[in-house]
Amino acid sequence: MKRLISFCFFTVAICGCNSNEDEQQPIPETVAPPALLWRMFNPIMLDVPYGDDAQQTMDIYLPMPFNGEPVKTFVVIHGGGWSSGDKSAMASQVAYLRLMFPNYAVVNLNYRLATADRAGYPMQPNDIGLALQALDAHAEDFNLSKQYAMIGISAGGHLAMLYAYKFDTAHKIKAVCSIVGPADFTDPVFRQYDLFSNGVNYLTGFDRFEKNPELFREVSPAFQVTSASAKTLLLYGNADPIVANTQGPIMQKSLDAKGVYNELYLYPGAGHANWNNDQQNHVNLMQYAFFKKTF
């Protein structure tokens, strides 16, 4: 795997990661340019593979100028009901983080999308883990500190919380921001929403709640919190037609029960991350203040 990702870094330095796999030829690790040159001349690397599937790619944005200090990394995770979406939808979030946190790295992540034949769980949390392993493997090359914060929207918010609470046993995730991310799939209010008859099927492999309630608990971040879980910022609209407005308070209650620092904001009249200008400004301010305090 390390050979695969090292080759992409090399091709970016030459001509910007060639998308034609037939033209890509592996090169020995020793041929790769020195890490300092990578950092100085290639602060942006697009579509870097972290796995063998075409959807397992990430965009890496490194801070400039290079100052020799290991930097923390934001990982951004797109939504799309676990079965659709692309990292390109997170361009504004990436731009905001790069502007407000110029001394941090930002990674914009794609993951394998669920289909009728392959469930999102545990495939998608595993993809997040693979991406972090690839970043850790090159931490010295790019002066990364192996400390991460995650920001996800909708299904991406769910995956960010689920990975941080359940899969991150090494506790490298220091802070999480969930923007309208589902938190509890056993919530009877949420189960009345259309998302349960559509997107959630792709997450759970079309296994219905009534037949396998334990699976729905397992994929629910609210049931995975421990006292060591990452500090969490929860941003939701109280008029969301896709994710029930009960989800944020349920998640906060779970975090409070374990003594985990958290902040919850419910925006009046807001839908599924459809903020008005004032609300978007508040979202930006809350993210900035939260990450300055916790990360």
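Keep in mind the model is a prediction, meaning the values are calculated, not measured.
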> Just by distance, do the side chain of Tyr202 and the backbone of Leu113 share a donor-acceptor pair under 3.5 Å?
Replying inline: no

> Can you check whether Asp52's main-chain N or O pairs, donor with acceptor, with Gln56's side chain at less than 3.5 Å?
Replying inline: yes

> Which word best sums up how the rings of Tyr163 and Phe167 line up, parallel for under 30°, tilted for 30 to 60°, or perpendicular for over 60°?
Replying inline: parallel

> Does the side chain of Ile44 reach to within under 4.5 Å of the side chain of Arg98, using non-hydrogen atoms?
Replying inline: yes

>> Does any part of the side chain of Ile128, heavy atoms only, come nearer than 4.5 Å to the side chain of Leu159, both counted from C-beta?
In response: yes

>> Looking at every non-hydrogen atom in both residues, tell me the closest pair between Ala114 and Gly120 and how far apart they are.
In response: CB-N, 3.5 Å

> Are Phe190 and Phe206 co-members of a hydrophobic cluster defined by side-chain heavy atoms under 4.5 Å apart?
Replying inline: no

> Which value, rounded to the nearest 0.5 Å, describes the distance between Leu46 atom CG and Met58 atom CE?
Replying inline: 12.0 Å

> Once the angle between the rings of Tyr288 and Phe101 is folded into 0 to 90°, is it parallel (under 30°), tilted (30 to 60°) or perpendicular (over 60°)?
Replying inline: tilted

>> Could you check whether His158 and Trp82 have their ring centres less than 6.0 Å apart?
In response: yes

> Going hydrophobic residue to hydrophobic residue with side-chain gaps under 4.5 angstrom, can you get from Met45 over to Tyr50?
Replying inline: yes

>> Between Asn262 (side chain only) and Leu255 (backbone N and O only), is there a donor and an acceptor less than 3.5 Å apart?
In response: no

> Under a single-linkage definition using a 4.5 Å side-chain heavy-atom cutoff for Ile, Leu, Val, Met, Phe, Trp and Tyr, are Val75 and Leu62 assigned to the same hydrophobic cluster?
Replying inline: yes

>> Check this for me, if you would: do Arg112 and Asp127 make a salt bridge, where the nitrogen-to-carboxylate-oxygen distance has to be below 4.0 angstrom?
In response: yes

>> I need the minimum non-hydrogen distance between Ala230 and Ala175, along with the two atoms involved.
In response: CB-N, 3.9 Å

>> Working note: Asp256 + Gln252, criterion side chain to side chain donor-acceptor pair (under 3.5 Å); need CA distance, chi angles, decisive distance, verdict.
In response: CA-CA 6 Å; Asp256 286 344; Gln252 182 175 56; 4.7 Å; no

> What's the spacing between Leu264 CG and Met251 CE if we round to 0.5 Å?
Replying inline: 10.5 Å

>> If hydrophobic clusters are built by linking Ile, Leu, Val, Met, Phe, Trp and Tyr wherever their side-chain heavy atoms come under 4.5 Å apart, do Tyr193 and Val243 end up in the same one?
In response: yes

>> Let's go through Gln93 and Gln287 carefully: what are the C-alpha distance in whole Å and the side-chain angles of both, what is the deciding distance for side chain to side chain donor-acceptor pair (under 3.5 Å) to 0.1 Å, and is it a yes or a no?
In response: CA-CA 11 Å; Gln93 180 70 58; Gln287 286 191 66; 3.0 Å; yes

> Is the ring centre of Phe74 less than 6.0 Å from the ring centre of Phe291?
Replying inline: yes

> Is any NZ, NE, NH1 or NH2 atom of the basic residue among Arg217 and Asp184 found under 4.0 Å from an Asp or Glu carboxylate oxygen of the other?
Replying inline: no

> Pro63 and Pro102: which non-hydrogen atoms are nearest, and at how many Å?
Replying inline: CB-O, 3.1 Å

>> Quick check against the 3.5 Å criterion: does Asn108 have a side-chain atom that pairs as donor or acceptor with the backbone of Lys87?
In response: yes

> Atom OG1 in Thr57, atom CG in Leu109: separation rounded to 0.5 Å?
Replying inline: 8.0 Å

> Taking the side chain from Gln224 and the backbone from Ser229, do they hold a donor-acceptor pair closer than 3.5 Å?
Replying inline: no

> Could you state the interatomic distance from OG (Ser178) to CG (Leu235), rounded to the nearest 0.5 Å?
Replying inline: 7.5 Å

> Does the Ser220 side chain pair with the main chain of Phe185, one donor and one acceptor, at a distance under 3.5 Å?
Replying inline: yes

> Can Tyr165 and Thr232 be said to form a side chain to side chain donor-acceptor pair (under 3.5 Å), step by step?
Replying inline: CA-CA 10 Å; Tyr165 305 153; Thr232 304; 2.7 Å; yes

> Is any side-chain heavy atom of Thr115 closer than 4.5 Å to a side-chain heavy atom of Ser83?
Replying inline: no

> For Ile179 and Ile151, what are the C-alpha separation, side-chain angles and deciding distance, and is it a side-chain contact (heavy atoms from CB on, under 4.5 Å)?
Replying inline: CA-CA 8 Å; Ile179 302 175; Ile151 305 100; 4.3 Å; yes

>> Quick check on Lys72: does its NZ atom have over 12 non-hydrogen neighbours (other residues, nucleotides or ligands) under 6.0 Å away?
In response: yes

>> With a 4.5 Å cut-off on side-chain heavy atoms, are Val180 and Asp240 touching?
In response: yes

> What residues form a salt bridge (Lys or Arg N to Asp or Glu O under 4.0 Å) with Asp187, not counting sequence neighbours?
Replying inline: none

> Where the side chain of Asp168 meets the backbone of Lys172, is there a donor-acceptor pair that is under 3.5 Å apart?
Replying inline: yes

> Looking only at atom types and distance, does a side-chain atom of Asn245 sit under 3.5 Å from a main-chain N or O of Asn238, one as donor and one as acceptor?
Replying inline: yes

> Linking I/L/V/M/F/W/Y whenever any side-chain heavy atoms sit under 4.5 Å apart, do Val200 and Tyr121 land together?
Replying inline: yes

> Does a side-chain heavy-atom distance below 4.5 Å link Thr226 with Lys258?
Replying inline: no

>> Just by distance, no angles: are the side chains of Gln280 and Asn276 close enough, under 3.5 Å, to form a donor-acceptor pair?
In response: no

>> Nearest 0.5 angstrom please: Phe223 CZ to Lys166 NZ, how far?
In response: 12.5 Å

> Would you call Asp136 and Tyr148 a side-chain contact if the rule is heavy atoms closer than 4.5 Å?
Replying inline: yes

>> With side-chain contact (heavy atoms from CB on, under 4.5 Å) as the criterion, how do Leu135 and Val107 come out once you've worked through the C-alpha distance, each side chain's angles and the decisive distance to 0.1 Å?
In response: CA-CA 9 Å; Leu135 292 169; Val107 171; 3.9 Å; yes

> Going through the checks in order, is the side-chain contact (heavy atoms from CB on, under 4.5 Å) test met by Thr73 and Val106?
Replying inline: CA-CA 5 Å; Thr73 304; Val106 180; over 6 Å; no

>> Rounded to the nearest 0.5 Å, what separates atom CG in Asn201 from atom CG in Leu203?
In response: 9.5 Å

> How far apart are the C-alpha atoms of His78 and Asn110, what are their side-chain angles, what is the distance that settles it, and do they pass the side-chain contact (heavy atoms from CB on, under 4.5 Å) test?
Replying inline: CA-CA 7 Å; His78 71 80; Asn110 265 351; 3.4 Å; yes

> How about Leu234 and Met161: do any of their side-chain heavy atoms sit closer than 4.5 Å?
Replying inline: yes

> Between Gln279 and Pro268, what is the shortest heavy-atom contact and its length?
Replying inline: NE2-O, 3.0 Å

>> For a side chain to side chain donor-acceptor pair (under 3.5 Å) check, start with the C-alpha distance between Lys293 and Tyr261, then their side-chain angles and the critical distance, and finish with the verdict.
In response: CA-CA 11 Å; Lys293 181 176 183 178; Tyr261 178 84; 3.1 Å; yes

> Would you say Met150 and Ile77 make side-chain contact, with heavy atoms under 4.5 Å?
Replying inline: yes

> Using the benzene-type ring in the case of Trp, are the ring centres of Phe295 and Tyr104 under 6.0 Å apart?
Replying inline: yes

>> Other residues, nucleotides and ligands only: do more than 12 of their heavy atoms fall within 6.0 Å of NZ on Lys174?
In response: yes

